[in-house]
Novice: 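Dropping the structure in here first, questions after.
The figures that follow rest on heavy atoms only: side chains count, while hydrogens, waters and symmetry mates do not.
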2 protein chains.
Amino acid sequence: MQRHIYNCSDGCPVESTLQIISGKWKSVIIYHLIKNKVCRFSELQKRMPNCSRRMLSLQLSELEKDKIIEKKIYPVIPPKTEYKLTRFGQTLTPLIIEMEKWGRTYNTINLEEN
Amino acid sequence: MQRHIYNCSDGCPVESTLQIISGKWKSVIIYHLIKNKVCRFSELQKRMPNCSRRMLSLQLSELEKDKIIEKKIYPVIPPKTEYKLTRFGQTLTPLIIEMEKWGRTYNTINLEEN
DNA sequence: CAGCATCCCCCCAGATACTG
DNA sequence: CAGTATCTGGGGGGATGCTG
């Protein structure tokens, strides 16, 4: 995690944030975990059909490494896992909700233009 | 701009937002334009030393195409340009400020851990 | 100063196949 | 079900040089 900071110009806070959430699907994953508290891998897949299984897996593992989400594995067959936000990850909620709000009005505007 | 929407799963608002601001440097550019109102190309360069001139140029032109920023060209020699947020672009302010806030506390936490 | 054009390399991410 | 492993191509992005 430390390396992130040194990539940022003069400690620019926006750049710091991007180091954590700029992955192609990370904010979307966090968004669904805010809305649904707990999600299984397949549930996330359904909610993000444009994200390949491979990508979903990669993004999840990076979020886990950065302590944004935590993973619970049930030792059963067939396998079952659950993902949820950590306490630290929950501090991203206001930011992601702002993304949601802006996206909603943006969608509305574009629909009106048709 | 329309194409953006159809890339989004079921109109997911977060995905819509990402279509606009997910470029590698876009949120950082917007951030500096919020803080400084008007910036010249070289001023943005100084504030984002890790962003190459080429990348800065590309990101700016995409933001302009999406009507987030507008560019004013002064027909002088040597050339002078100025960038600022459009009214539409200003609606992103709350979102970018949330990114700033989160990045600040994140930086603080990491400094404490040293 | 504020870019664009070109070249070129690397690696991101899709497709596919396999596994506990 | 919930992933890994491997291969591959296409393009994102750096470096450099040029211009009005």
Novice: It should be established whether Ser52(A) places a side-chain nitrogen or oxygen under 4.0 Å from OP1 or OP2 of nucleotide dA15(C).
Specialist: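 Answer no for this pair, as no side-chain N or O of Ser52(A) is under 4.0 Å from OP1 or OP2.
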
Novice: Let me know the distance between CD1 of Ile77(A) and P of dG3(D), rounded to the nearest Å.
Specialist: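 Value for this atom pair: 15 Å.
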
Novice: Between Ser42(B) and dC1(C), does any side-chain N or O lie under 4.0 Å from OP1 or OP2?
Specialist: no

Novice: What is the separation between atom CG on Leu60(A) and atom C1' on dT4(D), rounded to the nearest whole Å?
Specialist: 14 Å

Novice: Could you state the atom-to-atom distance from CG of Leu56(B) to P of dA2(C) in whole Å?
Specialist: 10 Å

Novice: Can you tell me the distance, in whole Å, between the CD atom of Glu43(A) and the P atom of dA2(D)?
Specialist: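 Whole-Å distance recorded here is 10 Å.
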
Novice: What's the CD-P distance between Gln45(B) and dG14(D), to the nearest Å?
Specialist: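 Going from Gln45(B) (CD) to dG14(D) (P), I get 13 Å.
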
Novice: Is Thr81(B) near enough to dC1(C) that one of its side-chain N or O atoms lies under 4.0 angstrom from OP1 or OP2?
Specialist: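 Checking Thr81(B) against dC1(C): no side-chain N or O falls below 4.0 Å of OP1 or OP2.
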
Novice: Would you give the length of the straight line joining atom CD of Gln59(B) to atom CE of Met48(B), rounded to the nearest 0.5 angstrom?
Specialist: 7.5 Å

Novice: Under a plain distance cut-off of 3.5 Å, with no hydrogens placed, do Tyr106(A) and Gln19(B) share a side-chain donor-acceptor pair?
Specialist: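 No.
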
Novice: Looking only at side-chain atoms of Arg54(A), point me to the closest of dA2(C), dC1(D), dG14(C).
Specialist: dG14(C)

Novice: Would you please say whether a donor-acceptor pair under 3.5 Å links the side chains of Glu70(B) and Tyr83(B)?
Specialist: no

Novice: Which part of the nucleic acid, if any, lies within contact of Arg53(A), taking any heavy atom under 4.0 Å across all strands shown: a base, the sugar-phosphate backbone alone, or nothing?
Specialist: base

Novice: With respect to the side chain of Phe41(B), which nucleotide from dC1(D), dG3(D), dA2(C) is positioned closest?
Specialist: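 Closest nucleotide to the Phe41(B) side chain: dA2(C).
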
Novice: Could you check whether Tyr74(A) gets within reach of a base, just the sugar-phosphate, or nothing at all, counting any heavy atom under 4.0 Å?
Specialist: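 Answer is nothing: Tyr74(A) stays at 4.0 Å or more from every strand.
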
Novice: Would you find more than 12 non-hydrogen atoms of other residues, nucleotides or ligands less than 6.0 Å from Lys80(A) atom NZ?
Specialist: yes

Novice: Rounded to the nearest angstrom, tell me the gap between atom NZ in Lys46(A) and atom P in dA2(D).
Specialist: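 About 9 Å, once rounded to whole Å.
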
Novice: Take the protein atom CD of Glu62(B) and the nucleotide atom P of dG13(D), then report the distance between them rounded to whole Å.
Specialist: 9 Å

Novice: Return the 5'-most residue of the pair Cys51(A), Pro79(A) with respect to DNA chain C, ranking by each residue's nearest nucleotide.
Specialist: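 Residue closer to the 5' terminus by nearest nucleotide: Cys51(A).
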
Novice: Flag the pair Lys101(A) and Glu98(A) as a salt bridge only when some basic side-chain nitrogen lies within less than 4.0 angstrom of an acidic carboxylate oxygen.
Specialist: yes

Novice: Looking at dA2(D), dG13(D), dA2(C), which one has an atom nearest to any side-chain atom of Arg40(A)?
Specialist: dA2(D)

Novice: Starting the side chain at C-beta, find the nucleotide from dG13(D), dC1(C), dA2(D) nearest to Met55(B).
Specialist: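 Closest nucleotide among those given: dG13(D).
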
Novice: Can you identify which nucleotide, out of dT6(C), dG20(C), dG3(C), has its nearest atom closest to the Ser57(B) side chain?
Specialist: dG3(C)

Novice: What integer distance in Å separates Lys24(B):NZ from dG11(D):P?
Specialist: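 Answer to the nearest Å: 18 Å.
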
Novice: Is Lys71(A) close enough to dA2(D) that one of its side-chain N or O atoms is under 4.0 Å from OP1 or OP2 there?
Specialist: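 No, outside the criterion.
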
